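Computed from a prediction, not measured in an experiment: that's the story for all the values here. Every chain is numbered from 1 and lettered A, B, ... according to where its sequence line falls, protein lines coming before strand lines. Keep in mind that the numbers below use all heavy atoms, side chains included, and drop hydrogens, waters and symmetry copies.
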Amino acid sequence: MDKKFIPSQVEEKIYQSWEKSGLMKASNRSKKKPFCIILPPPNANADLHLGHAMYVYEDIMIRYHKFIGDEVLWLPGADHAGFETQYVFEKHLAKQDKSRFDYDRETLYRKIWDFVNANRPRMENQLRRLGFFLDWTRNKFTLDQDIVGIVYKTFKALYEEGLIYRAERLVNYCTKDGTSFSDLEVKYIERKDPLYYLNYGPFVLATVRPETKFGDTAVAVHPKDKRYKKWIGKEILVDGLIGKFKMKVVADEAVDPNFGTGVVKVTPAHDFNDFEIAKRHGLPSKQVIGFDGKLNELTGLYQGLKINEARRQVVEALKKRGLLLKVDEDYSHRIGVCYRCGTTIEPLPLAQWWVKIRSLADNSIKLIDKDKIRFYPRRFKKIAIQWLKNFHDWNISRQVVWGIRIPAWLCKNCREWMITDGTEPKECPKCESKNLQQDRDTFDTWFSSAQWPFATLQTTHKGDFDFFYPTSVMETGYEILPWWVARMIMIGYLMTKDVPFRTVFLHGMVRDKQGQKMSKSKGNVIDPLDMVNKYGADALRASLVFGVKEGNDQSLAEEKILGMRNFANKVWNIGRFIWMNRNVILSEAKDPSRMREKFSNKLRDSSPAKRVQNDYKKILKQVHNEHSKEKKKYLKLMDAYKFSQALGLVYEFLWHRFADYYIEELKEELRNGNIEVLDNLQNVYFENLKMLHPFMPFVTEAVWKVFNKDDSSILNESL
RNA sequence: GAGCUCGUAGCUCAGCGGUAGAGCAUUCGAUUCACAUUCGAAAGGUCGAUGGUUCAAAUCCAUCCGGGCUCACCA
C-alpha cells in the first residue's frame, strides 16, 4: 500500500470494475425489495455543475440500500433541454455566421441532434467520475423514440379527459428569441421608466406604455372611488392620435385608487392585468403589437415602428396635441425580461395548448396531504401544497424546434384540430379534407420531464415498470419543486393511477464561501470536475454532505474539500497500518494458528503480561461497545434521511476514537504480535468502511480490494 | 405585500429540551511511530433581542430586530 491515497490512480479503474462486473445492473426478477431512484436527467448538452454533484445524496441512498439488502436501481438519463439547448446551438451557429433561419426545420433539428449527441458522452462520463452507481444499461434520453411515443400518448389522454384546451392567452413573449415563456421562466428586474399623465376623454390617467393606447378597449376605476362613481357604466369619447374612440368605463377591484389618478386604461392584448379585467367585464381585445415587436396595421402611421421608437413618437405627438399633461421621470417599477437575452418580455396574445390544472393539482394535494408521498425535510410538504393550491393552467406550447413536436393537426378547411398518438392523420374526420397542417410548436420541456419516472421504466426492460414503480425516492433541488416535482405528481398520477415516487427528498443550493450565488460572471464558480481531479471524488462528495443540514443552502469553500481529502487519506492509512501489522505478524509466525497458541500460552502465567492481557481485553470490549452504539445510531440516521449526521458519526468515530484513541492504546499489543487485537481492530474497521462507503465509495473500495481479492467488491457485503 | 429560511467561536456551519460542538483559521508543543494530508494542548461564544412555558431553553411558544431566497403586485 502506498503511503498516501492517490484518488487519480484508482478511481477510474474502480468505477470500470463496477461497470464491468454488472454490479450496478438491476434485476426486475429479484426476490428482494425494490429500491429505485430515477436520476433527474441533466442537460445532455452541458457540463455538470456543482448542483449535479448534489445527486451524491441519491448515490448515498442507493449504496446504503444495496448494503441493507434491497434490489437497487438508479436509472440514468439525459434531458434535451429544449430552449436552453437551441439557444446554445444558435450561438454556435452565430460563430459560423449562420442562424436558425438558414435551415429548414428538419435540417435544423438534425443539426442540433448531432451537436447534442456529440456532447452527451462528456456529461455522462462526468457522472461516472463522481462515482455514481448508475445502471447504464438502462440509460434514457428524453427524445428517444419510445419516450416520445409515451409523451404523445399522455397528451392524447389529457385531451380525451378534457384537460387540454387551445386558447388565445397572453403569453410572455420574447420578440428577440421568438418564443414564449412560462410565468415561472420570466425574470423580473427593477427599472426606471417615465410615467406619462395623459388627457383621456374626461379623465387624466397615468401610463408607462402610451404606445399601447391604440389597443385600449376600456377605462377602469375602483368601484368605491367617489371621484369617478358617476362615470361607471357610461361611455366616454376619447380624443386619440388616430381619431376619436368610444370607450366604456368599468369598475374593477384590481384598480388601485391611490396610484396615479386612480384611472386605468385597459389594454387587454398587451397587459396581464388588463387581460383579466377584460375577461371579467366581457371587453374586446385588440392587438396592436405584433410578434416582431413592431406596431401593426391598426396603428395607422405608427405601423412598423419598434416599441421604443413608437413610444417616443407617440409621446411627441401627444405633446403637440396638448394631450400630455406631465411626466414623472422618477418612476420605478418591476418589468419582466427574458432570462436568457434580457429583452423586455412583451405580453402578447397567442393561441396555445393549455393543460387544465385544477383537478390535477387537487388530486396531488390529496396525495401529499395523506402522506402517500412523503417529503424530507418535512417543511417541504407545506410548501408543495401551497404551490399546488396556487397553480394556474399550464401553457405547454413552445415556439422552438428542438423538442417534441406537438401531435396536433389543423384542418385548413374546417379549422378542426386533430390530436393523435403521433401518427399523421390522412384526412379530417369531420370534412374529409386532406389539407391538414401540423402545429409548428413543440412541448415545453417540463411536459416531457413531468412523465419521466413512468416513461423511463416503461421503456427500459420488460418488467421494470411492474417491479420498480412507484419509485422509492425523488431527490432533487428544492428550487424545482414547482416546475418539476409538482408536475410529475400531477401527470404521473393521472397516467398511472399511482404516485410516481413515495418520497421526495430535496437538497439546497451550493453557494460560494461568502454565501454568494455561484455564477460565471462573478467568477466564483467551483467546477466539480476540477475538484475531483484535485482532491478525488470522495473528498468532493463528502464535502457536499458533511456538516450540512439537509435541504439547506450551503457555502462551499475549497478548504472544506481539502479537509475531506485528508479524511480519505486517514481512512486509507488506518487500513495501511492494519495491513502492515498483519503482514509483520504473519511473517513472524509463518503459521498463524501456532502464533495464536504461542501467544495465549505466554499469557497463562501470572507475569506482568497478564495485566496487559486484562487491559487489552477491556479495551477491545470498549471499542466493540462503542462501535455497536455507533452502528445503531448510524442505521437510525440513514433511515431518517439524516445523512449529514450519519457521515459525521463515522468521521468522528473512525478518526478521533478508533485511530486517535483505540489504535494508540493497542499499539503496544500489536507490537507484541497480538493477533487477537489485530483481528478485532480489523473487524471494527471493516464495519466502518461499509458505513462510510455510501459517502466515500472509492477509498473504501480501494482498501477493500487490498485486503481481499482484487476482483472482489465491498458492495457484495451487507451491513 | 405573502410564504419560506437563517441569525451559535475570527470565517462557514452542525446541534434543536438536560454540563456549549465540528471544519478551516490562530497560538504553544511533539515527531526515527500508518498518516506532517499527522498527533497533543490552548485560546476563542451571556447560542440576534425581549417576554413566556418548564424543575431545566441555543433548543418549544409569542413579539421584535437584522440578513437571505422564492412568489405576487403598482397601469
For this session: Report the secondary structure of RNA chain B in dot-bracket form, marking unpaired bases with a dot and bases paired to a different strand with |, and treating Watson-Crick or G-U pairs with both distances under 3.5 Å as paired.
Result: ((((((((.[[[[.)..(..]]]].(((((.......))))).....[[[[[..)....]]]]])))))))....

Exercise. Should the pair A/Phe653 and A/Tyr662 be assigned to parallel (<30°), tilted (30 to 60°) or perpendicular (>60°) ring geometry?
Worked result: tilted

Exercise. A/Gln554 has an atom CD; how far is it from atom C1' of B/C11, in whole Å?
Worked result: 16 Å

For this session: Give the intermediate values and the outcome of salt bridge (Lys or Arg N to Asp or Glu O under 4.0 Å) for residues A/Glu558 and A/Lys534.
Result: CA-CA 10 Å; A/Glu558 200 170 324; A/Lys534 217 162 154 186; 2.6 Å; yes

Problem set entry | B/G29 to B/A43 separation - C1' atoms, rounded to the nearest Å | 14 Å

For this session: Would you classify A/Gly563 as touching base, sugar-phosphate or nothing, given that sugar-phosphate means primed atoms plus P, OP1 and OP2, and contacts are heavy atoms under 4.0 Å?
Result: nothing

For this session: Looking at every strand, decide which applies to A/Ala557 at a 4.0 Å heavy-atom threshold: base, sugar-phosphate, or nothing.
Result: nothing

Problem set entry | Contacts of type side-chain contact (heavy atoms from CB on, under 4.5 Å), residue A/Arg379, not counting sequence neighbours | A/Asn552

Exercise. When you measure from the side chain of A/Lys549, which nucleotide among B/C16, B/C71, B/A75 comes out closest?
Worked result: B/C16

Seminar exercise, completed: Testing B/A75, B/C16, B/C35 for proximity to the side chain of A/Tyr331, the answer is B/A75

Problem set entry | Listed nucleotide nearest any side-chain atom of A/Asn566, set B/A75, B/U38, B/U12 | B/U38

Dump the pairs, protein N or O against N or O of nucleotides 39-44 of chain B, anything under 3.5 Å, distances to one decimal.
unit_1	atom_1	unit_2	atom_2	d
B/C39	OP1	A/Trp655	NE1	2.3
B/C39	OP1	A/Asp660	OD1	3.2

For this session: Give the C-alpha distance, both sets of side-chain angles, the deciding distance and a yes or no for salt bridge (Lys or Arg N to Asp or Glu O under 4.0 Å) between A/Arg209 and A/Asp193.
Result: CA-CA 9 Å; A/Arg209 302 207 59 186; A/Asp193 280 308; over 6 Å; no

For this session: Could you state the atom-to-atom distance from CG of A/Asp193 to P of B/A75 in whole Å?
Result: 10 Å

Exercise. In terms of side-chain heavy atoms of A/Tyr651, which of B/C16, B/U37, B/G23 is nearest?
Worked result: B/G23

Problem set entry | Out of B/A34, B/G23, B/C71, whichever nucleotide has its closest atom nearest the side chain of A/Phe546 | B/G23

Exercise. To the side chain of A/Ile663, which of B/A34, B/A75, B/C35 is closest?
Worked result: B/A34

For this session: Measure from NZ or CZ of A/Lys234 to the centre of the six-membered ring of A/Tyr228, then state whether that distance is under 6.0 Å and the direction lies within 45° of the axis.
Result: no

For this session: Would you kindly give the CZ-to-P distance between A/Arg379 and B/C4, to the nearest whole Å?
Result: 11 Å

Seminar exercise, completed: In this structure, OG1 of A/Thr207 is separated from NZ of A/Lys265 (nearest 0.5 Å) by 4.5 Å

Problem set entry | Euclidean distance, atom CG of residue A/Leu647 to atom P of B/A22 [Å, nearest integer] | 16 Å

For this session: Assign the ring pair A/His52 / A/His49 to parallel, tilted or perpendicular, where the plane angle (0 to 90°) is split at 30° and 60°.
Result: tilted

Exercise. What's the closest nucleotide to the A/Glu559 side chain, out of B/C35, B/C24, B/U37?
Worked result: B/C24

Exercise. Which nucleotide in the list B/A34, B/A75, B/U12 gets nearest to the side chain of A/Met580?
Worked result: B/A34

Exercise. According to a strict under-4.0 Å criterion, is A/Gln645 in side-chain N/O contact with OP1 or OP2 of B/G15?
Worked result: yes

Exercise. Is any side-chain N or O of A/Asn552 closer than 4.0 Å to OP1 or OP2 of B/A14?
Worked result: yes

Problem set entry | Minimum-distance nucleotide to A/Lys382 side chain [options: B/C4, B/A75, B/C6] | B/C4

For this session: Whole angstrom is fine here: how far is it from CE in A/Met564 over to P in B/C24?
Result: 8 Å

For this session: Would you mind classifying the nucleic acid contact of A/Gly262 as base, sugar-phosphate or nothing, using non-hydrogen atoms under 4.0 angstrom?
Result: base

Exercise. Do the side-chain N or O atoms of A/Lys560 get closer than 4.0 angstrom to the phosphate oxygens (OP1, OP2) of B/C24?
Worked result: no

For this session: Would you check, one step at a time, whether the test side-chain contact (heavy atoms from CB on, under 4.5 Å) holds for A/Phe567 with A/Leu692?
Result: CA-CA 11 Å; A/Phe567 177 51; A/Leu692 184 61; 3.9 Å; yes

Exercise. Which of parallel (below 30°), tilted (30 to 60°) and perpendicular (above 60°) describes A/Phe505 and A/Tyr57?
Worked result: tilted

Exercise. Judged by atom type as modelled, is there a donor-acceptor pair below 3.5 Å linking the side chain of A/Asn674 to the main-chain atoms of A/Glu669?
Worked result: no

Exercise. For B/C13, does OP1 or OP2 lie under 4.0 Å from any side-chain N or O of A/Ser555?
Worked result: yes

Exercise. Do A/Ser543 side-chain atoms and A/Lys560 backbone N/O form a donor-acceptor pair below 3.5 Å?
Worked result: no

